[in-house]
K.L.:
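After the structure tokens below, expect a handful of questions from me.
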Amino acid sequence: MKDERIPDQLRELPLAKAPDSIWTSIEASLEASRNTQAAPARAWRPVWAWGIAAVAVIAMGVGSWIFTRYSTRTPKAAWEVVRMDGKLTEPGKIEVGEWLQTDASSRARITLSDIEARSIGTIDVAPNTRVRMVASRPGEQRLRLARGEISASVSAPPRLFFVDTPASTAVDLGCAYTMKAATDCSA
Amino acid sequence: MVTGLSDREISADIIESCRQGDRDAFRALYEAYKDKVYSIALYFFHGDESAASDMTQQVFLKLIHGIALYRGEAGFATWLYRLVVNACMDGARRAKPRALTAGAAAVDTLAEPGSQELDFAREQTARSVRAALSALPVKFRLPILLRYFEELSYGEMAAAMNCSMGTVASRLNRGHKMLAQKLESLR
């Protein structure tokens, strides 16, 4: 079969480098699901097995709901989000893997907390900014600044809080600072 | 840890290790394919780094969770790029990313490590190609990305896109012509 000529310019496009934060997010997701992950799936199961599995899933769902509704011993990793200016359509919390995005007229404040819900600082999110909670676990609190500006004031021990930008990763040593990230890799 | 493997070096042993839940084997697979998967996503989603990161993470999580179902009937790369194609199509259907506020401007540039050192003319050409690629309809954009970044055969592309080789050839042909037309002024 005859191949068509690829336009010359297409050959000059660079292969983009995947940010390191992707693997961090994958590891965080795997860690989070490790306890609830089922045994390796098999290619085929008889119909009755699916019935039992469905009942088990429903039972697990009900159990999980009851557990999360009444148990306070294992807090879910999340940072509090409050509005400063403008409006947030879903204020409250940002969890691992979720994005927080401000428009031109909005600002928000994120209260950082560790895995045991102890406050370790605040981050003020400027207008037109997009951030993501990448990881929250013992020894690592990680935020991704995709674009815009944040002002952080962190009281956590050094090397606990990290900010990934398109250009680099900032390691917090316990201070207050402002970071900007542009889509052209400058940060 | 095994890193830096090329596509051709992904062995049955590594895939079997992944089936057994070996985290280092997963990391090796990730390192071998991350930049290609991320690049496809980046160009597919018009240079939106956030969407590309999300899609790359999603693809590798699906790979990790589903590798027990991979039985080697198709090539590993074909199976992986089927996940990529499905994720791209899902992403295209979800018009907007989940965000706490509305009104985000689309990101229209790509991050290129070291782009400051590139000469102006090459950068201008790359921008034009990105814009032309982004302007292609999804069904023409995907095969071109698979062909250019992965150098997949028509058969592999047909398997990844779940269509016939004739359809692949037709879409590539039309896609190349549309691209060439848009880029003619640069030649």
Side-chain angles (χ1 to χ4, degrees), chain A residues 1-19 21-27 29-30 33 37-43 81 86-92 94 97-106 108 128 130 132 134 144 146-147 166-167 182-186, chain B residues 19 21 23 27 30 34-39 42-43 47 49-50 52-53 56-57 60-61 64-66 68-69 71 97-105 107-113 115-116 122 125-126 128-130 132-133 144 147-149 154 165 169 172-173 176-177 179-180 183 186-187:
Chain A
M1 192 172 297
K2 184 183 176 184
D3 193 4
E4 293 295 329
R5 281 194 62 195
I6 297 175
D8 293 339
Q9 294 91 342
L10 202 54
R11 300 182 191 281
E12 297 175 15
L13 279 183
L15 198 64
K17 188 176 186 317
S21 58
I22 296 178
W23 180 254
T24 306
S25 299
I26 290 172
E27 281 195 312
S29 297
L30 291 176
S33 64
Q37 195 173 8
R42 297 165 72 177
V81 179
K87 61 178 181 180
L88 293 176
T89 55
E90 296 177 35
I94 178 173
E98 290 187 331
W99 289 94
L100 170 65
Q101 187 167 297
T102 56
D103 61 19
S105 60
S106 300
N128 288 324
R130 185 169 163 81
R132 184 189 202 193
V134 175
R144 177 153 190 253
R147 69 164 181 267
T183 53
D184 62 357
C185 257
S186 59
Chain B
R19 283 202 184 100
R23 190 69 64 90
R27 185 64 192 262
Y30 174 78
K34 62 174 183 172
D35 290 342
K36 289 182 176 179
V37 172
Y38 179 74
S39 295
L42 198 58
Y43 286 101
E49 293 174 14
S50 303
S53 293
T56 304
Q57 179 183 342
F60 282 100
L61 280 173
I64 289 169
H65 291 308
L69 295 172
R71 286 177 289 179
R98 183 181 177 197
L100 295 184
T101 60
V107 179
D108 59 0
T109 58
L110 290 173
E112 283 182 29
S115 63
Q116 291 171 349
R122 187 178 174 193
T125 300
S128 300
V129 176
R130 288 174 210 148
L133 263 176
I144 285 181
R147 182 72 173 163
Y148 173 71
F149 283 116
Y154 282 80
M165 284 198 289
L172 266 180
N173 189 11
H176 285 156
K177 282 179 179 170
L179 263 183
L183 297 170
L186 294 174
R187 295 188 178 185

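Nothing here was measured: the structure is a model prediction, and the numbers come from that model. Order of the sequence lines fixes the chain letters, A, B, ..., with proteins taken first and strands second; residue numbering starts at 1 for each chain.
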K.L.:
Give, for atom NE2 of H65(B) and atom OG of S29(A), the distance between the pair rounded to the nearest 0.5 Å.
P.N.:
7.5 Å
K.L.:
In terms of heavy-atom pairs under 4.5 Å, which option from A132(B), S53(B), G66(B) contacts chain A the most?
P.N.:
S53(B)
K.L.:
Taking atom OH of Y148(B) and atom CG of L15(A), what is their separation to the nearest 0.5 Å?
P.N.:
8.0 Å
K.L.:
Can you name the nearest heavy-atom pair linking I26(A) to Q57(B), along with the distance?
P.N.:
CG1-CG, 3.7 Å
K.L.:
What is the distance from atom CD of E27(A) to atom CZ of R23(B), rounded to the nearest 0.5 Å?
P.N.:
6.0 Å
K.L.:
Restricting to non-hydrogen atoms, name the atom on P19(A) and the atom on Y30(B) that form the minimum distance, rounded to 0.1 Å.
P.N.:
O-OH, 4.0 Å
K.L.:
Keeping D35(B) on the side-chain end and K17(A) on the backbone end, is there a donor-acceptor pair under 3.5 Å?
P.N.:
no
K.L.:
Please tell me whether R130(A) and S50(B) have a donor and an acceptor in their side chains that are separated by less than 3.5 angstrom.
P.N.:
yes
